[in-house]
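Written out below as structure tokens is the structure these notes cover.
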Amino acid sequence: MADERRLERLTSMLKRRGIILPAFEIYGGVSGLIDYGPVGAAMLRRVTQNWLDHWMSHGDIVEIDSPTITPEAVLVASGHVGEFSDLMTECKACSSVFRADHLVEDEHPNADSLGAQKIDGLLGSGITCPSCQESAWTAAQPMNLMFQTSIGAMSSGRTAYMRPETAQGMFMLFPSLYRHFRQRLPFGAVQTGHGYRNEISPRQGMIRLREFNMAELEYFIDPQDPPVGNISKHNEIITLIPDPDGPHSGESRMSFGAALEAGIVRHPTVAWFLARTWDFLVGVGIDPARIRFRQHASTEMAHYATDCWDCEIHGEHGWVECVGIANRTCHDLENHETHSKARGLRAWRQFATPRKQVVERLAPNGAVIGPTFRNDAAAVVAALEALTELPDSLPFDLSLEDGRSVTINPDMVERREETANVSGEWFTPHVIEPAFGFDRIIWHILDHAYTEGEKEGEDYNHLSLAAGISSIDCVVLPLFDKGGMPELATEINTTINAVPRLRAQLDSSRSIGRRYARADEIGVPWALTVDHTSLEDGSVTVRRRDDQVQVRAFVDEVLEHLRNNSLDSLF
RNA sequence: GCGUUCGUGGUGUAGGGGUAGCACAAGAGGUUUCCAACCUCUUAGCCCGGGUUCAAAUCCCGGCGAGCGCACCA
């Protein structure tokens with residue numbers, strides 16, 4: 001960093017101006033929990049809306065909303081309960097903390113599955129600390145990174161967790177989504193909201209939080225027919241850091257299309273979402289030069305993913321993962337199907353032309369089987385229908401479902417070849433998931449927008465926020481707080497605020513220069529000033545934040561431009 | 001979780017066993033024909049708990065929080 005104090009100055013400003021603040025501060029605060037103040041919350045709302053608009057403009061993506069409290073069974077199926085309950089142990093000599101199963105890996109083929117007592121036994125048999133070579137371990141304790149809670153009271157309560165990701169909500173709703181989209185893939189669902197991870201030690205301000213704003217898109221596809229977005233228009237040269245263990249290791253710079261062609265990005269749908277993620281980030285004001293995509297090595301992949309790209313953004317805390325784009329394949333839907341025994345977590349794949357399937361079967365002859373087996377006849381018929389491999393010769397021994405065996409004679413069955421028309425098949429869709437951490441993205445928006453400068457020998461700072469991301473669209477300033485100017489300014493302010501999604505704020509205290517500075521500091525892009533001329537003809541001056549240039553315009557005109565985000569055309 | 005530095009108005013800081021100062025910001029008023037001007041007035045602070053002491057913001061212990069290093073980060 002050019003200036004190590006910049007981070008402190010930025011954080012102070014965020015606190016002073018009500019953007020980001022420590023939560024519960026009057027009680028001492030809680031590490032990993034933050035508040036968005038009046039200015040920050042408006043920004044969060046706008047980034048969220050921007051994100052929703054961005055994905056829903058695709059036309060095949062809808063929004064859903066699920067509970068944050070999630071019953072245990074859901075997270076057992078998804079693998080989170082198992083993955084989160086790592087047994088941890090501490091070296092009594094040097095206080096280093098380790099995952100217990102990793103320490104005993106060499107002593108047991110499946111250490112991950114061991115209980116605490118067995119692990120303790122193995123640890124006691126002479127496992128030494130990798131840091132200090134001592135062998136003195138505390139009892140292994142489960143470290144659960146999910147917040148546990150209980151649904152219902154006392155002993156009748158069911159174990160539940162605060163969701164560690166919003167994604168499971170989309171999987172729960174797959175049957176409904178499939179119906180909504182009239183049984184046609186591909187389609188997607190998004191959800192924004194809070195996620196919870198009980199981090200051991202949250203650090204770096206709002207980079208690692210215990211409760212955070214996430215936004216996830218689950219895009220359901222047919223793995224045999226992956227949708228290919230049009231990335232030919234994306235000419236940007238981007239930075240890629242492919243899998244260090246793969247054939248393309250090292251850093252490379254190329255377009256999204258070239259990366260897909262070169263096989264660096266392995267999946268066409270993933271490539272499309274990488275490009276669209278880029279569009280979103282740049283659109284909300286992230287500096288394109290400080291974005292890069294990093295492919296996970298197979299060793300660091302999440303338990304549910306088979307291929308994963310991080311989108312990292314560079315800021316005061318270095319390169320930080322802000323978006324994860326994972327190919328989750330059929331992991332979640334398949335596991336939910338197994339654990340819940342629910343049907344409806346699959347999709348139908350229609351064959352281009354119906355396939356003729358020749359089926360050989362032994363057709364039962366009821367006239368013989370009935371009298372011969374009497375009460376067991378039905379079971380025999382069922383067993384014959386269930387045969388997948390036909391015997392080469394008759395008679396043969398047929399196993400019934402209850403384990404008994406009967407002899408089938410040639411007169412009991414007739415060998416037949418039947419032709420069936422099969423028009424399609426059921427399969428479990430694959431899922432491509434871009435998962436966004438909004439808090440981290442907002443941090444980097446602020447970081448990249450925070451500009452420290454000088455004006456007439458004094459420090460002068462401002463946020464160069466993208467239009468539509470600033471907490472408000474403009475300030476309305478009466479040049480003097482008298483002589484009819486405040487009244488006209490109030491009227492203009494009311495008019496602007498009456499337009500849905502446009503926000504203005506009145507500021508009439510202290511000198512005009514001070515008020516411009518206040519607005520600049522929180523990144524308000526426009527200032528409308530009411531002066532004496534305004535009282536005569538209704539025009540105002542429009543000041544542009546980024547170069548402080550002013551033009552005169554009429555209120556109706558300004559309003560129209562604010563709506564269309566086209567005020568720049570006046571300059 | 002371990003080690004380490006630290007915690008004073010909204011923000012930034014000074015002080016360091018005996019009356020807590022300053023700057024900026026904010027509010028009220030005045031002045032001012034467009035970029036943190038000026039004048040008057042005002043609001044507002046020693047992170048929390050315990051101990052030592054006649055007396056604790058100050059010293060000691062614990063907690064909470066922040067930064068950094070180690071560990072952790074599905």
Side-chain angles (χ1 to χ4, degrees), chain A residues 4-5 7-18 21-33 37 75 78-86 88-99 102 112 129-132 138 141 143-146 164-165 197-205 207-210 296 300-305 308 316-317 320-321 324 326 454-462 477-483 485 509-521 527-535 540-543 545 547-550 552:
Chain A
E4 57 192 28
R5 302 281 303 217
L7 177 60
E8 288 171 38
R9 292 191 297 269
L10 173 55
T11 322
S12 295
M13 188 278 282
L14 296 180
K15 199 173 167 188
R16 179 162 40 83
R17 295 306 308 270
L21 309 87
F24 309 111
E25 211 189 3
I26 63 169
Y27 285 100
V30 179
S31 178
L33 301 179
L75 295 161
S78 70
H80 286 93
V81 169
E83 287 291 319
F84 270 63
S85 302
D86 297 325
M88 306 289 285
T89 184
E90 187 178 334
C91 171
K92 288 176 187 166
C94 70
S95 298
S96 299
V97 177
F98 298 94
R99 269 182 66 166
H102 286 180
D112 203 15
C129 172
S131 306
C132 69
T138 63
Q141 288 195 320
M143 236 343 285
N144 202 316
L145 285 175
M146 289 192 291
E165 57 173 19
R197 295 176 193 184
N198 201 356
E199 296 283 355
I200 299 168
S201 103
R203 283 282 174 86
Q204 297 173 305
I207 299 297
R208 268 171 75 190
L209 297 174
R210 289 187 164 126
H296 278 203
E300 71 172 317
M301 218 98 77
H303 65 274
Y304 47 73
C308 189
E316 289 285 353
H317 298 292
V320 173
E321 172 196 352
E454 217 177 72
K455 193 158 150 183
E456 284 158 27
E458 277 193 81
D459 290 342
Y460 196 94
N461 307 330
H462 74 281
L477 314 174
L479 186 56
F480 300 109
D481 199 14
K482 60 182 178 186
M485 290 179 220
S509 73
R510 302 271 202 151
S511 78
I512 191 71
R514 183 176 290 245
R515 284 177 275 162
Y516 288 140
R518 278 203 279 247
D520 286 346
E521 193 176 35
L528 310 183
T529 305
V530 174
D531 58 14
H532 287 106
T533 315
S534 312
L535 298 175
V540 295
T541 64
V542 182
R543 172 188 181 271
R545 175 197 65 206
D547 56 9
Q548 305 170 16
V549 172
Q550 278 176 297
R552 184 163 280 279

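Residue numbers begin at 1 in each chain, while the letters A, B, ... track the order of the sequences.
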Expressed in whole Å, how much space separates the [atom1] atoms belonging to [N] and [M]?
N	M	atom1	result
G12(B)	G49(B)	P	23 Å
U42(B)	G50(B)	P	35 Å
U53(B)	G18(B)	C1'	12 Å
C68(B)	A55(B)	C1'	37 Å
C22(B)	A44(B)	C1'	14 Å
G51(B)	U58(B)	P	14 Å
U40(B)	A25(B)	P	15 Å
C61(B)	C24(B)	C1'	37 Å

Atom-pair distance (NE2 on H80(A); P on C73(B)), nearest Å |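 The answer, rounded to whole Å, is 15 Å.
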For the pair made of CE in M146(A) and P in C73(B), what is the distance, rounded to whole Å?
->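 Taking atom P of C73(B) as the reference, CE of M146(A) is at 16 Å.
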Should stems be defined as at least three consecutive Watson-Crick or G-U pairs with both distances under 3.5 angstrom, which of them involve RNA chain B?
->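 The stems that RNA chain B takes part in, listed by first number, are B:1-7 with B:64-70, B:10-13 with B:21-24, B:26-30 with B:38-42, B:47-51 with B:59-63.
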Any N/O pairs under 3.5 Å between the protein and nucleotides 10-13 of chain B? List them or say none.
| unit_1 | atom_1 | unit_2 | atom_2 | d |
| --- | --- | --- | --- | --- |
| U11(B) | OP1 | K15(A) | NZ | 2.8 |
| U11(B) | O3' | S12(A) | OG | 3.3 |
| G12(B) | OP1 | S12(A) | OG | 3.0 |
| U13(B) | OP1 | R5(A) | NH2 | 3.2 |

Measure all distances between protein nitrogen or oxygen atoms and nitrogen or oxygen atoms of nucleotides 29-38 of chain B, and list the pairs falling under 3.5 Å.
| unit_1 | atom_1 | unit_2 | atom_2 | d |
| --- | --- | --- | --- | --- |
| U33(B) | N3 | H532(A) | ND1 | 3.4 |
| C34(B) | O2 | Y516(A) | OH | 2.3 |
| C34(B) | O2 | Q550(A) | NE2 | 2.9 |
| C34(B) | N3 | Y516(A) | OH | 3.4 |
| C34(B) | N3 | T541(A) | OG1 | 3.2 |
| C34(B) | N3 | Q550(A) | NE2 | 3.0 |
| C34(B) | N4 | D531(A) | OD2 | 2.9 |
| C34(B) | N4 | T541(A) | OG1 | 2.9 |
| C35(B) | O2' | K455(A) | NZ | 3.2 |
| C35(B) | O2 | K455(A) | NZ | 2.9 |
| C35(B) | O2 | R543(A) | NH2 | 3.3 |
| C35(B) | N3 | R543(A) | NE | 2.8 |
| C35(B) | N4 | R543(A) | NE | 3.4 |
| C35(B) | N4 | Q548(A) | O | 3.0 |
| C35(B) | N4 | Q550(A) | OE1 | 3.4 |
| A36(B) | O2' | E458(A) | OE2 | 3.4 |
| A37(B) | OP1 | R514(A) | NH2 | 2.9 |
| A37(B) | OP2 | S511(A) | OG | 2.7 |

So does [Y] get a backbone contact from the side chain of [X], meaning a donor-acceptor N/O pair under 3.5 Å?
X	Y	value
R210(A)	S31(A)	yes
R515(A)	R510(A)	yes
R17(A)	G37(A)	no
R514(A)	S509(A)	no

Can you tabulate the close N/O pairs, meaning under 3.5 Å, that link protein atoms to atoms of nucleotides 64-66 of chain B?
| unit_1 | atom_1 | unit_2 | atom_2 | d |
| --- | --- | --- | --- | --- |
| C64(B) | O2' | G28(A) | O | 3.2 |
| C64(B) | O2' | G29(A) | O | 3.4 |
| G65(B) | OP1 | S31(A) | N | 3.1 |
| G65(B) | O4' | G28(A) | O | 3.2 |
| A66(B) | OP2 | S31(A) | OG | 3.2 |

With sequence neighbours excluded, what pairs up with E321(A) under the salt bridge (charged side-chain N to carboxylate O under 4.0 Å, His left out) test?
->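 For E321(A), no residue satisfies salt bridge (charged side-chain N to carboxylate O under 4.0 Å, His left out) once neighbours in sequence are set aside.
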Kindly list each side-chain donor-acceptor pair under 3.5 angstrom involving residues 528-535 of chain A, sequence neighbours excluded, with atom names and distances?
| unit_1 | atom_1 | unit_2 | atom_2 | d |
| --- | --- | --- | --- | --- |
| T529(A) | OG1 | Y516(A) | OH | 2.7 |
| D531(A) | OD1 | T533(A) | N | 3.2 |
| D531(A) | OD1 | S534(A) | N | 3.1 |
| D531(A) | OD1 | S534(A) | OG | 2.9 |
| D531(A) | OD1 | R552(A) | NH2 | 3.1 |
| D531(A) | OD2 | R552(A) | NH2 | 2.4 |
| S534(A) | OG | D531(A) | N | 2.8 |
| S534(A) | OG | D531(A) | O | 3.4 |
| S534(A) | OG | S539(A) | O | 2.6 |

Kindly indicate whether the side chain of R203(A) and the base of C72(B) share any N or O donor-acceptor pair separated by less than 3.5 Å?
->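 Flag unset: no donor-acceptor pair detected.
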Kindly say if S509(A) contacts the phosphate of G27(B), meaning a side-chain N or O under 4.0 Å from OP1 or OP2.
->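 S509(A) to G27(B) OP1/OP2: side-chain N or O found under 4.0 Å.
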